[in-house]
**Q** 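Mind looking over this structure? Questions follow.
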Amino acid sequence: MMFKHNFKKVLSATAFAVALVVAPAANVSAATNDASSTQQSATATSQDQQASQDQATSQSSAANQSSATAASASSSTSTSSATSTSTVKKTTKKAKKTSKKATKKTTKAATVAVTASADQSHATDQQDDAAKKAAEVAAKKAAAAKKKAAAKKKAAAKKKAAKKSAEKAAKYWIAMRESSGYYTARNGSCYGRYQLLISYLGGDLSKKNQERTADRYVYGRYGSWVNAKRFWLAHNWY
């Protein structure tokens with residue numbers, strides 16, 4: 001580009017010199033004007049070419065810078081991608097390790113919980129069995145005590161009935177010996193079924209008062225009709 005430009009300038013100057021020598025004086029001014037115009041055109045062309053060259057250089061520099069930036073960005077992206085991949089791998093590995101530990105802990109905790117639950121269930125079963133046995137023993141004891149109490153009560157009732165029967169029989173036996181059972185029998189100062197002193201009856205000779213007064217006398221003196229009968233058998237009176 002610069003060579004062609006200089007060549008044109010030389011060519012223009014040569015042409016101008018030739019024109020000055022050959023051409024007549026009248027045409028010297030016109031030739032000079034043409035040469036000047038040609039030179040200005042050449043200068044403008046040179047400036048255009050220089051601007052184009054500067055623009056191309058600038059574009060080339062921008063392109064190179066853009067390429068460098070792109071390369072740097074690509075390198076940074078590659079580095080970032082590699083770093084990200086490495087980080088992801090590390091994170092994944094760490095997560096797997098943590099998950100594995102958590103799984104082991106969970107499994108261990110579950111095993112411990114199951115064992116504890118089994119032990120507790122076994123202990124509960126043992127407690128239930130012990131409580132059941134204790135309840136059975138208590139129920140048996142209660143039944144035995146109830147049965148014993150019932151037997152004792154029955155024996156006491158039987159004894160009471162026997163005593164009552166013996167008392168009744170002894171009272172009847174004395175009445176038969178004293179008055180043959182008559183409520184109006186009289187022997188001196190004694191009167192009635194049990195031949196009590198008339199003063200004991202207090203003026204009331206009724207059957208009911210004779211029975212009540214005879215019981216009061218015998219239980220007060222002998223404690224029972226059976227004992228009064230024993231005394232009568234030993235002394236023929238009571």
Side-chain angles (χ1 to χ4, degrees), residues 99-238:
S99 177
K100 191 174 181 180
K101 287 183 178 180
T103 303
K104 286 183 178 180
K105 287 182 178 180
T106 303
T107 304
K108 187 176 180 180
T111 303
V112 172
V114 170
T115 304
S117 178
D119 293 339
Q120 186 176 3
S121 178
H122 183 65
T124 302
D125 291 339
Q126 288 182 339
Q127 290 178 353
D128 292 341
D129 291 340
K132 189 176 180 180
K133 288 180 179 179
E136 289 177 353
V137 171
K140 287 181 179 179
K141 287 183 177 180
K146 187 177 180 180
K147 187 176 181 180
K148 187 176 181 180
K152 189 175 181 180
K153 186 177 180 179
K154 186 177 181 180
K158 187 176 182 180
K159 186 177 181 181
K160 186 177 180 179
K163 184 177 179 181
K164 187 176 181 180
S165 178
E167 286 290 293
K168 187 177 181 180
K171 187 178 182 180
Y172 179 80
W173 185 88
I174 289 176
M176 292 296 102
R177 294 298 181 277
E178 291 294 327
S179 63
S180 299
Y182 291 102
Y183 286 98
T184 58
R186 186 166 186 161
N187 184 15
S189 59
C190 297
Y191 182 85
R193 181 178 177 88
Y194 303 99
Q195 290 298 294
L196 299 173
L197 292 174
I198 295 177
S199 59
Y200 288 172
L201 296 173
D204 184 0
L205 303 180
S206 64
K207 294 180 180 180
K208 186 175 182 181
N209 188 46
Q210 288 184 41
E211 293 290 338
R212 183 170 57 246
T213 302
D215 287 334
R216 185 169 59 247
Y217 168 76
V218 167
Y219 285 114
R221 184 180 178 91
Y222 302 104
S224 66
W225 284 99
V226 173
N227 291 336
K229 179 183 178 181
R230 291 197 187 100
F231 186 87
W232 200 102
L233 289 172
H235 303 86
N236 290 324
W237 63 275
Y238 72 105

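Just the heavy atoms: all of them, side chains too, but no hydrogens, waters or symmetry mates, feed the values below.
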**Q** side-chain contact (heavy atoms from CB on, under 4.5 Å) for Glu178 and Asn187? Distances and angles first, verdict last.
**A** CA-CA 10 Å; Glu178 291 294 327; Asn187 184 15; over 6 Å; no
**Q** Evaluate Arg177 against Lys229 for side-chain contact (heavy atoms from CB on, under 4.5 Å), listing each step before the verdict.
**A** CA-CA 10 Å; Arg177 294 298 181 277; Lys229 179 183 178 181; over 6 Å; no
**Q** So do the side chains of Trp173 and Trp232 get within less than 4.5 Å of each other, counting heavy atoms only?
**A** yes
**Q** Look up atom NZ in Lys133 and atom NZ in Lys140, then write down how far apart they are to the nearest 0.5 Å.
**A**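 It comes to 11.0 Å.
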**Q** Working to the nearest 0.5 angstrom, can you tell me the gap between Lys152 NZ and Lys159 NZ?
**A** 11.0 Å
**Q** Judged by modelled atom types alone, do Asn209 and Ser206 share a side-chain donor-acceptor pair under 3.5 Å?
**A**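 Distance-only check fails for Asn209 and Ser206.
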**Q** So with a 6.0 Å cut-off around OH of Tyr219, is the heavy-atom count from everything else above 12?
**A** yes
**Q** Do Leu197 and Cys190 make a side-chain contact, defined as non-hydrogen atoms from C-beta onward lying under 4.5 Å apart?
**A**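 Heavy-atom side-chain distance check passes, below 4.5 Å.
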**Q** Could you go through the side-chain contact (heavy atoms from CB on, under 4.5 Å) check for Val226 and Lys163 one step at a time?
**A** CA-CA 9 Å; Val226 173; Lys163 184 177 179 181; over 6 Å; no
**Q** Which pair of heavy atoms, one from Gly192 and one from Ser179, lies closest together, and at what distance?
**A** O-CB, 3.5 Å
**Q** Applying side-chain contact (heavy atoms from CB on, under 4.5 Å) to Thr184 and Tyr191, what does each step give before you reach the verdict?
**A** CA-CA 7 Å; Thr184 58; Tyr191 182 85; 4.0 Å; yes
**Q** Using a 3.5 Å distance criterion without hydrogens, assess whether the side chain of Gln210 forms a donor-acceptor pair with backbone atoms of Leu201.
**A** no
**Q** Checking Arg193 side chain against Gly181 main chain: does a donor-acceptor pair fall under 3.5 Å?
**A**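 A pair under 3.5 Å: yes.
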**Q** Which residue in the set Trp225, Tyr238, Tyr222 passes ring-ring contact (aromatic ring centres under 6.0 Å, His included) when paired with Phe231?
**A**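 The residue from Trp225, Tyr238, Tyr222 that satisfies ring-ring contact (aromatic ring centres under 6.0 Å, His included) with Phe231 turns out to be Tyr222.
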**Q** Checking side chain to side chain contact (heavy atoms under 4.5 Å, CB included) between Ser224 and each of Glu167, Lys171, Arg230, which is the one that passes?
**A**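 That would be Glu167; it is the only one of Glu167, Lys171, Arg230 passing the side chain to side chain contact (heavy atoms under 4.5 Å, CB included) with Ser224.
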